[in-house]
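Here the structure comes first, spelled out in C-alpha coordinates, and everything after it is commentary.
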Amino acid sequence: MVRDGRVRSDYKTLVKEAGARMLDSGLTVATWGNVSFCDRENGLLYITPSGMDYHQIVEDDICVFDMSGNHIEGNRRPSIELKMHLGVLNARQEAAACVHTHPIFSTVFSTAGENIPIDVHDEAAQALGDTIRCCRTYALPGTEELAECAREALGEHANACMLRNHGLVCIGKDMEAAFKVSTVVEMVSEILWRVRAMGRDYVPISMDNVVAMQEFVKTGYGQY
Ligand SMILES: [Zn+2]
(Lines give C-alpha, C1' and ligand atoms only; values in the text may rest on other atoms or scores of the structure.)
Protein backbone atom coordinates (compact mmCIF):
# COMPACT_ATOMS: atom_id res chain seq x y z
CA MET A 1 0.00 0.00 0.00
CA VAL A 2 1.20 3.53 -0.80
CA ARG A 3 1.60 5.39 2.50
CA ASP A 4 0.85 9.07 2.96
CA GLY A 5 2.77 10.92 5.67
CA ARG A 6 -0.34 12.76 6.87
CA VAL A 7 -2.27 9.59 7.68
CA ARG A 8 -2.43 8.72 11.40
CA SER A 9 -2.81 5.16 12.62
CA ASP A 10 -4.60 6.29 15.81
CA TYR A 11 -7.44 7.74 13.70
CA LYS A 12 -7.69 4.46 11.78
CA THR A 13 -7.97 2.69 15.13
CA LEU A 14 -10.63 5.16 16.29
CA VAL A 15 -12.81 4.49 13.24
CA LYS A 16 -12.22 0.73 13.33
CA GLU A 17 -13.29 0.57 16.99
CA ALA A 18 -16.27 2.83 16.33
CA GLY A 19 -17.51 0.34 13.71
CA ALA A 20 -17.49 -2.47 16.30
CA ARG A 21 -19.11 -0.19 18.89
CA MET A 22 -21.89 0.71 16.46
CA LEU A 23 -22.68 -2.96 15.95
CA ASP A 24 -22.39 -3.87 19.65
CA SER A 25 -24.66 -0.98 20.65
CA GLY A 26 -27.52 -2.39 18.57
CA LEU A 27 -27.77 0.83 16.56
CA THR A 28 -27.41 -1.19 13.38
CA VAL A 29 -27.05 -4.81 12.28
CA ALA A 30 -24.75 -6.84 9.99
CA THR A 31 -22.54 -4.68 7.78
CA TRP A 32 -24.95 -1.74 7.60
CA GLY A 33 -24.25 1.68 8.98
CA ASN A 34 -20.93 3.48 8.61
CA VAL A 35 -18.63 5.75 10.54
CA SER A 36 -16.19 8.51 9.63
CA PHE A 37 -13.81 10.86 11.37
CA CYS A 38 -12.31 14.05 9.98
CA ASP A 39 -8.79 15.11 10.96
CA ARG A 40 -9.31 18.86 10.47
CA GLU A 41 -5.62 19.65 10.86
CA ASN A 42 -4.67 17.59 7.82
CA GLY A 43 -8.02 17.76 6.00
CA LEU A 44 -8.40 13.98 5.87
CA LEU A 45 -11.45 11.76 6.27
CA TYR A 46 -11.19 8.25 7.72
CA ILE A 47 -14.16 6.06 6.83
CA THR A 48 -15.22 2.44 7.29
CA PRO A 49 -15.00 0.11 4.26
CA SER A 50 -18.04 -1.09 2.33
CA GLY A 51 -19.74 -4.36 3.29
CA MET A 52 -17.16 -5.73 5.73
CA ASP A 53 -17.77 -7.31 9.14
CA TYR A 54 -17.04 -4.59 11.72
CA HIS A 55 -15.66 -7.19 14.11
CA GLN A 56 -13.21 -8.46 11.50
CA ILE A 57 -11.81 -5.26 10.02
CA VAL A 58 -8.27 -4.10 10.81
CA GLU A 59 -6.69 -0.62 10.71
CA ASP A 60 -5.62 -0.94 7.08
CA ASP A 61 -9.21 -1.66 6.02
CA ILE A 62 -10.09 1.93 6.97
CA CYS A 63 -10.20 4.14 3.85
CA VAL A 64 -8.64 7.61 3.82
CA PHE A 65 -9.73 10.48 1.56
CA ASP A 66 -9.12 14.19 1.46
CA MET A 67 -12.12 16.44 2.06
CA SER A 68 -12.66 16.86 -1.69
CA GLY A 69 -13.11 13.10 -2.01
CA ASN A 70 -9.71 12.26 -3.50
CA HIS A 71 -8.44 8.86 -2.45
CA ILE A 72 -5.39 9.06 -0.19
CA GLU A 73 -4.79 5.63 1.34
CA GLY A 74 -6.29 2.14 1.66
CA ASN A 75 -7.00 -0.76 -0.67
CA ARG A 76 -10.62 -1.29 0.29
CA ARG A 77 -13.68 0.16 -1.36
CA PRO A 78 -15.08 2.82 1.03
CA SER A 79 -18.58 2.90 2.48
CA ILE A 80 -21.18 3.63 -0.18
CA GLU A 81 -22.08 6.73 1.88
CA LEU A 82 -18.70 8.44 1.41
CA LYS A 83 -20.34 11.40 -0.37
CA MET A 84 -22.77 11.89 2.50
CA HIS A 85 -20.03 11.85 5.15
CA LEU A 86 -17.95 14.33 3.14
CA GLY A 87 -20.96 16.56 2.48
CA VAL A 88 -22.07 16.64 6.10
CA LEU A 89 -18.61 17.17 7.59
CA ASN A 90 -17.71 19.81 5.00
CA ALA A 91 -20.91 21.68 5.83
CA ARG A 92 -20.49 21.48 9.61
CA GLN A 93 -16.91 22.47 10.35
CA GLU A 94 -17.35 22.27 14.13
CA ALA A 95 -17.99 18.52 13.87
CA ALA A 96 -15.32 15.86 13.38
CA ALA A 97 -17.21 12.56 13.62
CA CYS A 98 -20.19 11.23 11.67
CA VAL A 99 -22.07 8.05 12.60
CA HIS A 100 -24.74 6.66 10.27
CA THR A 101 -26.96 3.92 11.73
CA HIS A 102 -30.29 2.14 11.18
CA PRO A 103 -31.83 2.04 14.68
CA ILE A 104 -35.43 0.85 14.90
CA PHE A 105 -37.33 3.69 16.58
CA SER A 106 -35.66 6.58 14.75
CA THR A 107 -36.14 4.69 11.51
CA VAL A 108 -39.85 4.33 12.34
CA PHE A 109 -40.06 8.14 12.46
CA SER A 110 -37.99 8.51 9.27
CA THR A 111 -40.36 6.09 7.56
CA ALA A 112 -43.41 8.03 8.77
CA GLY A 113 -41.72 11.25 7.58
CA GLU A 114 -42.09 12.80 11.03
CA ASN A 115 -39.54 15.08 12.70
CA ILE A 116 -38.43 14.55 16.30
CA PRO A 117 -38.69 17.69 18.44
CA ILE A 118 -36.11 18.37 21.14
CA ASP A 119 -38.66 19.55 23.71
CA VAL A 120 -39.74 15.94 24.34
CA HIS A 121 -37.03 15.13 26.85
CA ASP A 122 -34.27 17.01 28.68
CA GLU A 123 -31.44 14.88 27.23
CA ALA A 124 -32.72 15.76 23.76
CA ALA A 125 -32.77 19.43 24.70
CA GLN A 126 -29.19 19.18 25.93
CA ALA A 127 -27.64 17.07 23.18
CA LEU A 128 -29.45 17.46 19.88
CA GLY A 129 -29.04 21.15 19.05
CA ASP A 130 -32.27 21.50 17.07
CA THR A 131 -35.31 19.56 15.83
CA ILE A 132 -34.22 16.29 14.23
CA ARG A 133 -35.62 16.64 10.75
CA CYS A 134 -36.41 14.07 8.09
CA CYS A 135 -34.88 14.58 4.69
CA ARG A 136 -37.36 16.20 2.32
CA THR A 137 -37.49 13.09 0.12
CA TYR A 138 -36.30 9.52 -0.18
CA ALA A 139 -32.96 9.26 -1.98
CA LEU A 140 -31.01 6.17 -2.97
CA PRO A 141 -28.01 5.21 -0.84
CA GLY A 142 -24.71 6.52 -2.12
CA THR A 143 -26.14 9.28 -4.28
CA GLU A 144 -25.30 12.96 -4.39
CA GLU A 145 -29.01 13.57 -3.79
CA LEU A 146 -28.87 11.71 -0.47
CA ALA A 147 -25.81 13.73 0.58
CA GLU A 148 -27.59 16.97 -0.34
CA CYS A 149 -30.80 15.96 1.48
CA ALA A 150 -28.83 15.07 4.62
CA ARG A 151 -26.94 18.39 4.58
CA GLU A 152 -30.19 20.28 4.16
CA ALA A 153 -32.01 18.37 6.93
CA LEU A 154 -29.15 18.89 9.38
CA GLY A 155 -29.10 22.62 8.79
CA GLU A 156 -26.79 24.72 10.90
CA HIS A 157 -27.63 23.58 14.42
CA ALA A 158 -29.06 20.05 14.55
CA ASN A 159 -26.64 17.29 15.49
CA ALA A 160 -28.64 14.64 13.64
CA CYS A 161 -31.06 14.11 10.79
CA MET A 162 -33.12 11.22 9.48
CA LEU A 163 -32.77 9.69 6.03
CA ARG A 164 -36.24 8.82 4.75
CA ASN A 165 -37.14 5.13 5.03
CA HIS A 166 -33.53 4.41 5.89
CA GLY A 167 -31.92 5.59 9.12
CA LEU A 168 -30.09 8.19 11.13
CA VAL A 169 -27.06 10.45 10.60
CA CYS A 170 -25.42 11.93 13.70
CA ILE A 171 -22.45 14.25 14.08
CA GLY A 172 -20.31 15.37 17.00
CA LYS A 173 -17.14 17.23 17.86
CA ASP A 174 -15.58 13.82 18.50
CA MET A 175 -16.59 10.17 18.20
CA GLU A 176 -17.93 10.08 21.74
CA ALA A 177 -20.24 13.02 21.06
CA ALA A 178 -21.54 11.51 17.79
CA PHE A 179 -22.37 8.24 19.59
CA LYS A 180 -24.08 10.12 22.40
CA VAL A 181 -26.29 11.91 19.86
CA SER A 182 -27.08 8.57 18.17
CA THR A 183 -28.15 7.07 21.49
CA VAL A 184 -30.21 10.08 22.56
CA VAL A 185 -32.10 10.34 19.25
CA GLU A 186 -32.98 6.66 19.42
CA MET A 187 -34.04 6.93 23.08
CA VAL A 188 -36.23 9.98 22.42
CA SER A 189 -37.77 8.26 19.39
CA GLU A 190 -38.68 5.29 21.55
CA ILE A 191 -40.15 7.52 24.28
CA LEU A 192 -42.22 9.41 21.75
CA TRP A 193 -43.39 6.17 20.18
CA ARG A 194 -44.39 4.78 23.59
CA VAL A 195 -46.24 7.98 24.55
CA ARG A 196 -48.19 7.68 21.32
CA ALA A 197 -48.84 4.00 22.10
CA MET A 198 -50.63 5.24 25.25
CA GLY A 199 -52.96 7.12 22.92
CA ARG A 200 -51.48 10.40 24.14
CA ASP A 201 -49.18 13.08 22.85
CA TYR A 202 -46.19 14.38 24.80
CA VAL A 203 -46.35 17.48 26.99
CA PRO A 204 -43.49 19.66 25.74
CA ILE A 205 -40.76 21.23 27.85
CA SER A 206 -41.03 25.02 27.52
CA MET A 207 -38.60 26.64 25.07
CA ASP A 208 -37.23 28.74 27.96
CA ASN A 209 -36.26 25.53 29.73
CA VAL A 210 -34.84 24.03 26.52
CA VAL A 211 -32.61 27.08 26.11
CA ALA A 212 -31.67 26.98 29.81
CA MET A 213 -30.55 23.35 29.45
CA GLN A 214 -28.54 24.14 26.33
CA GLU A 215 -26.75 26.87 28.28
CA PHE A 216 -26.26 24.58 31.28
CA VAL A 217 -24.49 21.99 29.08
CA LYS A 218 -22.14 24.66 27.74
CA THR A 219 -21.24 26.12 31.10
CA GLY A 220 -22.41 24.19 34.15
CA TYR A 221 -22.29 20.44 33.51
CA GLY A 222 -19.46 18.11 34.48
CA GLN A 223 -16.27 18.89 36.37
CA TYR A 224 -14.05 21.96 36.36
ZN1 LIG B 1 -27.62 3.28 5.66
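Ligands are counted one by one from 1 in listed order, and the atoms in each one are counted from 1 as well.
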Can you tell me how the ring of F37 sits relative to the ring of Y46, calling it parallel under 30°, perpendicular over 60° and tilted otherwise?
tilted

Near the Zn ion (ligand 1), which protein N/O/S atoms are found at less than 2.8 Å?
H100 NE2, H102 NE2, H166 NE2

All salt bridge (Lys or Arg N to Asp or Glu O under 4.0 Å) counterparts of D119, not counting sequence neighbours
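By the salt bridge (Lys or Arg N to Asp or Glu O under 4.0 Å) rule, D119 matches no residue at all.
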
Residues passing the salt bridge (Lys or Arg N to Asp or Glu O under 4.0 Å) test with D66, sequence neighbours excluded, are none

Do any pairs count as a salt bridge (Lys or Arg N to Asp or Glu O under 4.0 Å) and have a residue in residues 183-193, sequence neighbours left out, and if so which ones?
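Counting only pairs at least two positions apart or across chains, the salt bridge (Lys or Arg N to Asp or Glu O under 4.0 Å) contacts touching residues 183-193 are E190-R194.
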
Among side-chain atoms of H100 and H85, is any donor-acceptor pair under 3.5 angstrom?
no

Any chance you could lay out the salt bridge (charged side-chain N to carboxylate O under 4.0 Å, His left out) test for R8 and E59, step after step, and finish with the verdict?
CA-CA 10 Å; R8 287 178 47 169; E59 270 74 1; over 6 Å; no

